[in-house]
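The model shown is predicted, which means the values in this text are computed figures rather than measured ones. We count ligands from 1, going down the list as the structure has it; atoms in each ligand are counted the same way.
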Amino acid sequence: MTDTLYSIRMRASLGGRHIAGAERIVSRNETELVTGELVARAMTHERGTPDSVAVTVDSLAGKDISRVSALPVRMYETAGYIVGRAHAVRELARAGVTDAAARAALGMITGGASATGVNMRGAMVIDAETGKRLEPDKEAGVRARSVDYDPGFVPELKQALVRHRLDGTHFREALALATKVAHAPGIVAELCISDDPSYVTGYAASPANGYARITPLKETGDPMGGRAFFVDAARFDMDAFIDYMRETPVLVTGPLDIR
Ligand code: AMP
């Protein structure tokens with residue numbers, strides 16, 4: 001019998017503002033270790049010491065687990081964040097996002113995308129044609145959860161990340177998330193800029209072109225960041241999209257193609 005898996009979610013906030021979050025899928029005997037690691041990460045976060053940390057552990061027994069290959073990764077280093085953002089807009093255009101929609105998303109992410117002008121804890125959902133925001137809750141956005149790497153793939157993943165000097169948690173977690181997002185019904189592309197002031201790398205990802213890791217997408221010390229999920233409004237069902245993002249467990253496997 002295979003071991004039951006558990007989805008672990010962490011969300012940390014300070015004065016109601018999002019500080020940090022993380023999603024994992026682990027076996028029963030890893031739950032204590034991983035919840036401890038995630039609480040420690042939240043309590044030492046560079047965005048501040050949270051006054052509230054929520055950790056949820058949910059059994060995935062009886063759920064169908066989807067296994068998908070990691071998006072192929074291409075790495076781009078640009079002369080500065082303005083060039084980096086222009087490159088992100090081009091990557092999004094190649095995937096089918098209009099210039100207007102890409103620029104609207106960038107403006108909202110860098111200006112504070114929540115209804116109160118701060119970072120959101122989830123992502124905006126944006127019409128890839130018009131740039132219109134579609135998510136029902138503009139404060140929280142839509143959070144993807146229940147995603148991690150297949151344990152059988154982790155040794156190969158670790159080796160590849162060390163070889164490419166990508167062995168921090170940011171890239172590792174972002175690639176898993178972007179891979180899940182790229183399989184969502186109606187998705188066209190995704191744009192991410194971290195909200196950690198010291199982490200200036202971001203990405204544009206799509207099912208068509210994979211994961212473009214772009215450095216930098218912001219200035220060091222800038223606390224603004226966020227995510228945009230661009231969708232094809234003509235073949236889009238918000239309930240099915242949110243249900244997939246929240247409820248479908250996804251384990252990311254190889255092969256890993258990083259260049
Ligand atoms: P991070 O890459 O963790 O620095 O997150 C950057 C931004 O992406 C956050 O400010 C959130 O708005 C958004 N975000 C983080 N995690 C998720 C997630 N699991 N699903 C959707 N959006 C997320």
Identify whether the distance between the nearest side-chain nitrogen and carboxylate oxygen of E23 and R143 falls below 4.0 Å.
yes
Side chains of S198 and D196: donor-acceptor distance under 3.5 Å anywhere?
no
Centroid separation under 6.0 Å, is that true for the rings of F171 and Y211?
yes
Find out whether the Lys NZ or Arg CZ of K180 is both under 6.0 angstrom from the six-membered ring centre of Y244 and within 45° of the ring's axis.
yes
Below 3.5 Å only, please: the N or O atoms of ligand 1 paired with protein N or O atoms, distance on each line.
unit_1: ligand 1; atom_1: 2 (O); unit_2: R227; atom_2: NH1; d: 3.3
unit_1: ligand 1; atom_1: 4 (O); unit_2: S194; atom_2: OG; d: 2.8
unit_1: ligand 1; atom_1: 4 (O); unit_2: D195; atom_2: N; d: 3.2
unit_1: ligand 1; atom_1: 4 (O); unit_2: D195; atom_2: OD1; d: 3.2
unit_1: ligand 1; atom_1: 5 (O); unit_2: R227; atom_2: NH1; d: 3.4
unit_1: ligand 1; atom_1: 8 (O); unit_2: R227; atom_2: NH1; d: 3.0
unit_1: ligand 1; atom_1: 10 (O); unit_2: M120; atom_2: O; d: 3.2
unit_1: ligand 1; atom_1: 10 (O); unit_2: D195; atom_2: OD2; d: 2.5
unit_1: ligand 1; atom_1: 12 (O); unit_2: M120; atom_2: O; d: 2.6
unit_1: ligand 1; atom_1: 12 (O); unit_2: G122; atom_2: O; d: 2.8
unit_1: ligand 1; atom_1: 14 (N); unit_2: R227; atom_2: NH1; d: 3.4
unit_1: ligand 1; atom_1: 16 (N); unit_2: R143; atom_2: NH1; d: 3.2
unit_1: ligand 1; atom_1: 19 (N); unit_2: A144; atom_2: O; d: 2.8
unit_1: ligand 1; atom_1: 20 (N); unit_2: A144; atom_2: N; d: 2.8
unit_1: ligand 1; atom_1: 22 (N); unit_2: A123; atom_2: N; d: 3.4

Taking it one step at a time, do R74 and R213 satisfy side-chain contact (heavy atoms from CB on, under 4.5 Å)?
CA-CA 6 Å; R74 298 293 175 264; R213 178 180 189 270; over 6 Å; no
So that I can tick it off, tell me whether R9 and D58 are bridged by a salt bridge, with the cut-off set at under 4.0 angstrom between side-chain N and carboxylate O.
yes
